[in-house]
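Heads up: the structure comes next, in structure tokens.
Order of appearance sets the numbers: ligands from 1, and atoms from 1 within every ligand.
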Amino acid sequence: MAKLITEEQLAVQREYITKLRGENALYAQRTGRARSVLTETYGCQQNENDTERIRGMLRDAGFEFTEDPHNADVVIYNTCAVRENAEQKVFGRLGILKHIKEEERPDMIVAVCGCMVQQEHITEKIKAVHDHVDLVFGTHALYKMPELLYRAVKEKNVVVDIEQSDGAIAEDLPIMRDGSDKAWVSVMYGCNNFCSYCIVPYVRGRERSRSADAVMNEVRELAANGVSEISLLGQNVNSYGKDLDEGIDFADLLTMVNGVEGVKRIRFMTSHPKDLSDKLIDAIARCDKVCKQLHLPVQAGSDRVLKQMNRRYTKAQYLEKIDKIKKAIPEISLSTDIIVGFPTETNEDFEETLDVLRKAEFDHIFSFIYSRREGTPAAKLDFALSDEEIRRNFNKLLDVQNEISKRKNEAMVGTVETVLVDGVSKNDAAMLSGRCDNSKIVNFKGDKSLIGKYIDVRITEAHTWSLNGEYVRETEGR
Ligand code: SAH
Ligand code: SF4
Ligand code: F3S
């Protein structure tokens, strides 16, 4: 059984939502305008999904939303700790907010939540350096946001809640989703893998799965409301269900979601290579709605580095899995994460990473320069390469991959692909953009009334990062 935040605990928070709504009504009477809140999210989809919960609670509490900090009564930053630059961005933003608060909006409530503040040294720094922050709450306190915000509004002291929890899951929190065609559904929280470079297990806690019933209820409700693309989220979805006694693993869950009427596309992330089972490969191949796309982070190619990273697979084992997937699902689109410059990584080690790229032929990679995370085992290791050498390797990685990505995109020219139209293209306001089953972005000319629909496009041109196409027809399919 999934351990849950109790109904009583949730009822307390609903009372605080009511109290906040009362406060907000008084504020509106007094000032002639509703209290407005700005939320900003850093980090992964799971953080985005958490922000959707935060926004749901804020909406129910009577807040309006704004994107302008000069106009905000409350600002909430939902933060990421995975790399230093994510943290620096937040500190930069806090610096700007300090001026706005001092000069224009002295009553502004500034809140910082999420992964970054779950680290004690960061919360101490915020308290010491950013005394305009009124509220700090970690990933385990998310469901308590109404109470904490109410206290921050009422009290003059700084409110802090970064307690680690026992891992209980809060179900049925309000939610305000971004968009109406696609939705994220978290199936599990936390991570048990402790890769030696990674902060996530420390800031998100141990793995815990939602019950299959809870996941399925959420998916069914989404489908009933017209959402057709579901992305199932977890730091390591392949261990879904291991902590429950339901006898349902991730492959079973995929199969169950595949059976929901109204759902047309299913995506999921992330899979850990060591836990990618034949059963899951089979489920991806068999389930017609599961997109033929797999994100399988390899991180590095050298067995020595992989060992030091505590990834628990070798390069050969990884490539074997890739072969198996390609055999089972020839049209599969593959992506991965790569870390360049792990402390002990040498140029020879790095060559092994390039070799993985050439052999696996990913469609797309997400590459990162190693960032030292305080409290992780890798933080104690010495660097084999200089910053300059690491930067050079990083650029080389991009060169090698860009050529592969372009080649794989070129192979799609002339084919007809079904895309879900997302909206106006980011590159060109005269174009629309959508994603293929394999997640590649296609830009094409078309009427805005197509947004939210599934259409067929013929691929006409390939770029490194995207495709161009032309409208063929609307389709009921996917
Ligand atoms: N659970 C997922 C995602 C974790 S964070 C997974 O295991 O794949 C996303 C990516 O950030 C990781 O895959 C890794 O490539 C990168 N990352 C994590 N810690 C990092 C660090 N300290 N420095 C640089 N990149 C890091
Ligand atoms: Fe971090 Fe590794 Fe867990 Fe992914 S699997 S979140 S990289 S510890
Ligand atoms: Fe960042 Fe937390 Fe996600 S550290 S990557 S926001 S789990």
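- Residue-ligand proximity: R311 is placed with a non-hydrogen atom under 4.0 Å from ligand 2.
- Between F368 and F394, the distance separating the two ring centers is not shorter than 6.0 angstrom.
- T41 and T51 share a donor-acceptor pair across their side chains, judged by distance under 3.5 Å alone.
- In summary, the side chains of D337 and H295 do present a donor paired with an acceptor at a separation below 3.5 Å, with no hydrogens or angles considered.
- A donor-acceptor contact shorter than 3.5 Å is absent between the side chain of Q308 and the backbone of P343.
- Looking only at atom types and distance, the side chain of D243 has a donor-acceptor partner in the side chain of S209 under 3.5 Å away.
- Using a cut-off of 4.0 Å between Lys/Arg side-chain N and Asp/Glu carboxylate O, R204 and D50 are scored as salt-bridged.
- Of the possible polar contacts, one joining the K101 side chain to the H132 backbone as a donor-acceptor pair under 3.5 Å is found.
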Pair T353, L397 - check side-chain contact (heavy atoms from CB on, under 4.5 Å), show working. CA-CA 8 Å; T353 301; L397 183 88; 3.9 Å; yes
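- Using cut-offs of 30° and 60° on the angle between ring planes, the pair H272 and Y313 is perpendicular.
- Contact check on E229 versus R267 returns a salt bridge, with a Lys/Arg side-chain nitrogen under 4.0 Å from an Asp/Glu carboxylate oxygen.
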Starting from the N and O atoms of ligand 1, find every protein N or O within less than 3.5 Å and list the pair with its distance.
unit_1, atom_1, unit_2, atom_2, d
ligand 1, 1 (N), Q235, O, 2.8
ligand 1, 1 (N), Q235, OE1, 2.7
ligand 1, 11 (O), R83, NH1, 3.0
ligand 1, 13 (O), Q299, NE2, 2.8
ligand 1, 13 (O), D337, OD2, 2.6
ligand 1, 15 (O), Q299, OE1, 2.7
ligand 1, 17 (N), R83, NH1, 3.4
ligand 1, 22 (N), Y197, O, 3.0
ligand 1, 22 (N), S371, O, 2.8
ligand 1, 23 (N), S371, N, 2.9
ligand 1, 25 (N), R83, NH1, 3.3

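- Side-chain contact annotation: N192 with K242, donor-acceptor N/O pair under 3.5 Å absent.
- Listed by chain and number, C191 SG are the protein N/O/S atoms closer than 2.8 Å to atom 3 (Fe) of ligand 2, with waters left out.
- Annotation: atom 7 (S) of ligand 2 to nearest protein heavy atom, Y197 OH, 3.4 Å.
- Shown are the protein N/O/S atoms under 2.8 Å from atom 3 (Fe) of ligand 3, given by residue and atom: C44 SG.
- A salt bridge is defined here as a Lys NZ or Arg NE, NH1 or NH2 lying under 4.0 Å from an Asp or Glu carboxylate O, and K396 with E351 meets this definition.
- For E417, there are no salt bridge (Lys or Arg N to Asp or Glu O under 4.0 Å) partners at least two apart in sequence or on another chain.
- Side chain of S186 to main chain of M188: no donor-acceptor pair is present (N/O by atom type, distance under 3.5 Å, no hydrogens or angles).
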